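I have placed the structure first, in the form of structure tokens, so that the comments after it can refer back to it.
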Amino acid sequence: MDNINSSINNSEDLKKLADLLFPDVVNTPDFYEEKYPYRKLPSKAEVTRMAPSPTGFMHLGNLYSALADERIAHKKGGVFYLRIEDTDEKRKVEGAVETIINVMKYFNIEFDEGAGFDGSAGNNVYGPYFQRQRVEIYHAYVKDLITKGLAYPCFCTEEELEKTRQQQDADKILTGYYGEYATCRSLSFDEIQENIKSGKEYVIRLRSQGSPDGEIIFKDSIKGEVKLPENIHDIVLLKKDGVPTYHFAHAIDDHLMRTTMVIRGGEWLASVPIHYELFHILGFKMPSYGHTALLMKFDEETGGKRKLSKRKDPELSLDYYRKDGYHPYCMKVYLLTLLNSNFEEWHEKFPDKDINEFPFSTSKMSQSGALFDKDKLHNICKNELSALSEYEMYDFLYDWAKEHEPGKCKMWFADKEKMLGILRLYMGIGMKRRRKDFIYARQVFQLISYFFDFEEDGQQEKDSFRFDNETVKAVLNEYLATYSHGDDNSAWFNKLKDIADKFGFASDMKAYKNEPEKYKGNVSDIAEIVRIAITGRANTPDLWAIVHVMGEEQMTGRIKEAIL
RNA sequence: GGCUCCAUGGUCAAGCGGUUAAGACAUCGCCCUUUCACGGCGGUAACACGGGUUCAAAUCCCGUUGGAGUCACCA
């Protein structure tokens, strides 16, 4: 250990230093190695994790990579756990952990162990899963590193650091705390003791063993072989409050929790050298890493793609999708199609198979960042929703409405049979082919609103008649006069044809097409008048079916109202 | 700026040295049709650029350009 370039180079002084800094730490790394043994899992099973900081804000990108982690763990009987990276007090938001667990639950992604579990099931043997509750573990390892001369206290203030950074910037050299700029590297034991006695605050830094010319070649399970420079920075291991930085906590935790694969956002790729050095210096085996391409968003301002951002893209928050009532299953299908390029094909080939049976693979993950495409999402929603039964749809809508539109929920669900009828009609159940009108809950209720709040003159804009008032009234009066609720679809439509003939509209489309100038219009115009009167819309599903779902009374009311 | 990753239609993407360069979404047209939707058929639309290597390059190499990420006592 003579290449460590320490001013304190006899092991006795190092031991003294370690005891000075961490007098209360008694456990050694060996203790924890024994306490958290390797997991006994089926071969090829992977241990993955989701490790958010407790800001409580989750966006699509989080779900995207969590889904990858979850699939990888669960496809072969592995473990997927939740660890909370709460080392930064400033980020902490009350209730965030619950939010995270709930959101994940909403999207049907369950953790096997981790934060939020009480341990009664014996599934938290690798805990605690909150990093703030693990400081004694980190301290044990840091103390060990100090004993080995691989870490040291640094008393530099933030101002001093900032100053050298600016100087380095001006000199156009690499910024950071390394080599000759790592001034606290060479402090003697006495100097350190003096500083501590005088109450100076300090952090613990890594004594980096990397060389400026060094290169590491690392195999990323998504990106393939990546060449990166060795880390040479004496990065902070423990902040002045004794809490570890992300990098250090990551190395300790993923090792002790026996994580085998880390799937994380591509923004972490650049810090792999740090993690590489940390794992090696600690004597840990590295898990395999997969850095996902970041989910991008089209930026109106710049006209280009960019990473999803929490601050700028609230509409990509998972809450947004929950509020509008996007079905979690559809979201999952969409994310899966982005995640694995062959998923879409597989899903189409085996529409009845549980999507969890899909052979998910990191090698099929995209290299470049995908742009979030709402059109595609909507298309998937339409397809997936059209495959549900009316009862499944009913439950889904009810659950959503109860939570997000409690005021209208009562009205919508007052008559269960009516609602089921509407759903059958709009989903095309019983028809040769299903309709695909539904995208998300809020949109569904907009679509079917005329069954309910028509009279209340809702926000819904009504389509206007394309014929003069007189004609409209005459047609509607005739419609009412001849209407008989017992008519079947074709009898009903024949009456519409009769009305057409009576008022100079063509009842025969062919005849109309041949000589359009001979008529005022055709049956479809008659149907349109009736349709607008009843629904307020020029476009709806089959009118006869609508009338029979809403009932004669409501229909008659609508017509009369239109005649007024 | 340094380092790193990425580059096929508007979007997501197949492609692994020889293809008429798939497919999906979007878009447009036609058909079906009382409107809408569904469905069917068809169209527009791509290998960023420049050099190599090779009989042959979207595919391999180098450069350029472009995009993205990252350079904290944040994760």
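Letters A, B, ... mirror the listed sequences (proteins, then strands); counts begin at 1. The shown structure was predicted, so the numbers you read here are calculated from the model rather than taken from an experiment.
Within 4.0 Å of A:Asn522, counting heavy atoms only, lies no atom of the nucleic acid at all. If you check every strand for non-hydrogen atoms under 4.0 Å, A:Gly428 touches nothing. When heavy atoms are screened at a 4.0 angstrom cut-off, A:Leu174 is found touching no nucleic acid atom at all. Using a 4.0 Å heavy-atom distance criterion, A:Val523 is classed as making no nucleic acid contact. Contacts of A:Lys172 with the nucleic acid, taken as non-hydrogen atoms under 4.0 Å apart, are absent. Among the heavy atoms of the strands, none lies under 4.0 Å from A:Glu528. If you check every strand for non-hydrogen atoms under 4.0 Å, A:Arg434 touches sugar and phosphate atoms only. Across all strands, A:Lys240 comes closer than 4.0 Å to base atoms (heavy-atom distances). A:Cys156 comes within contact range of at least one nucleobase, with a heavy-atom separation under 4.0 Å. When heavy atoms are screened at a 4.0 angstrom cut-off, A:Pro229 is found touching the sugar-phosphate backbone but no base atom.
Residue A:Thr87 has a polar side-chain atom (N or O) positioned under 4.0 Å from OP1 or OP2 of B:A75. Look at A:Thr337 and you won't find any side-chain N or O under 4.0 angstrom from OP1 or OP2 of B:C12. Regarding contacts with the backbone of B:A14, every side-chain N or O of A:Lys364 stays at 4.0 angstrom or more from both OP1 and OP2. Note on A:Lys239: a side-chain N or O is less than 4.0 Å away from OP1 or OP2 of B:A75.
Comparing the same atom, C1', in B:A46 and in B:G9 gives a spacing of 4 Å after rounding to whole Å. On the C1' atoms, B:G40 is 49 Å away from B:U4, given to the nearest whole Å. Atom name C1', nucleotides B:A45 and B:C25: the rounded distance is 14 Å, in whole Å. Taking atom P on both B:A57 and B:A13, the two are 27 Å apart, rounded to the nearest angstrom. Remark: the separation of the C1' atoms in B:U35 and B:G15 is 44 Å, to the nearest Å. Nucleotides B:G39 and B:U33 are separated by 11 Å at their C1' atoms, to the nearest Å. If you take atom C1' in B:G17 and the same atom in B:U53, they sit 11 Å apart, rounded to whole Å. Between the C1' atoms of B:A24 and B:G66, the separation comes to 27 Å (whole Å).
Taking atom NE2 on A:His247 and atom P on B:A75, their separation rounds to 8 Å, with Å as the unit. Rounded to a whole Å, the CE atom of A:Met509 is 9 Å from the C1' atom of B:U33. Regarding A:Asn62, its CG atom lies at a distance of 16 Å from the P atom of B:A75, rounded to whole Å. Per the geometry, NE2 belonging to A:His347 stands 20 Å off P belonging to B:G23, to the nearest Å. Here B:G39 presents its C1' atom at 9 Å from NZ of A:Lys436, a figure rounded to the nearest Å. Atom CZ of A:Phe372 and atom P of B:C25 are 17 Å apart (whole Å). B:C25 atom P lies 11 Å from atom CG of A:Asp373, rounded to whole Å. One atom, CZ of A:Phe465, and another, P of B:U35, lie 18 Å apart when rounded to the nearest Å.
In a base pair of the Watson-Crick type (N1 to N3 plus N6-O4 or O6-N4) or a G-U wobble (N1-O2 and O6-N3), with each distance short of 3.5 Å, B:A21 is matched with no nucleotide. In this structure B:U44 sits in no base pair that meets the Watson-Crick or G-U test at under 3.5 Å. Across all strands shown, B:U59 forms no Watson-Crick or G-U wobble pair with both key distances under 3.5 Å. Searching all strands for a Watson-Crick or G-U wobble partner of B:A75 with both distances below 3.5 Å returns nothing. Across all strands shown, B:G2 forms a Watson-Crick or G-U wobble pair, both distances under 3.5 Å, with B:U70. Shown here, B:G39 forms a base pair with B:C31; the pair counts as Watson-Crick or G-U wobble because both key distances fall under 3.5 Å. Applying the Watson-Crick and G-U wobble criteria (two distances, each under 3.5 Å), B:A7 pairs with B:U65.
At a cut-off of 3.5 angstrom, the base of B:C38 holds no donor-acceptor pair with the side chain of A:Arg435.
Taking the nucleotide of RNA chain B with the nearest heavy atom to each of A:Ser366 and A:Leu377, the more 5' of the two is matched to A:Ser366. The nearest heavy atom of RNA chain B to A:Asp86 and to A:Asn342 marks one nucleotide each, and the one closer to the 5' end goes with A:Asn342.
The side chain of A:Thr540 lies closest to B:U35 when the candidates are B:A75, B:U35, B:A26. Listed nucleotides: B:C73, B:C12, B:U34. Nearest to the side chain of A:Ala370: B:C12. Nearest to the side-chain atoms of A:Glu267 among the listed nucleotides B:U70, B:C12, B:A26 stands B:U70. Of the candidate nucleotides B:C73, B:A75, B:U34, B:C73 has the atom lying nearest to any side-chain atom of A:Leu161. Closest approach to the A:Arg205 side chain among B:A72, B:C73, B:C36 is made by B:C73 (side chain taken as heavy atoms from C-beta onward). Relative to the side chain of A:Asn539, the nucleotides B:C36, B:C6, B:U34 differ in distance, and B:C36 lies closest. The listed nucleotides are B:C25, B:U35, B:U34; the one nearest the side chain of A:Lys376 is B:C25. Of the candidates B:C6, B:U34, B:A37, B:U34 carries the atom nearest the A:Ala527 side chain, counting heavy atoms from C-beta on. Side-chain atoms of A:Leu269 lie closest to B:C5 of the nucleotides B:C74, B:U34, B:C5. Each of B:C12, B:C73, B:G39 was ranked by its minimum atom distance to the side chain of A:Leu338; first place goes to B:C12.
There is a side-chain donor-acceptor pair under 3.5 Å between A:Asn522 and A:Ser524.
A salt bridge links A:Glu390 to A:Arg424: one of the charged nitrogens lies within less than 4.0 Å of a carboxylate oxygen. Salt-bridge check for A:Asp437 with A:Arg435: passed, with a basic side-chain N closer than 4.0 Å to an acidic carboxylate O.
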Go through A:Val262 and A:Ser288 one step at a time and tell me if the side-chain contact (heavy atoms from CB on, under 4.5 Å) criterion holds.
CA-CA 6 Å; A:Val262 174; A:Ser288 54; over 6 Å; no

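Between A:Phe360 and A:Trp346, the gap from one ring centroid to the other reaches at least 6.0 Å. Taking the six-membered ring where the residue is Trp, the centroids of A:Tyr81 and A:Phe111 are separated by 6.0 Å or more. If you look at A:Phe438 and A:His378, their ring centroids are not closer than 6.0 Å.
A donor-acceptor pair under 3.5 Å is formed between the side chain of A:Asn62 and the backbone N or O of A:His59.
When each of A:Tyr440, A:Tyr326, A:Phe372 is paired with A:Tyr334, the ring-ring contact (aromatic ring centres under 6.0 Å, His included) condition holds for A:Phe372 and for no other.
For the pair A:Arg83 and A:Phe130, the cation does not sit on the ring face, since its NZ or CZ is not both under 6.0 Å from the ring centre and inside 45° of the axis.
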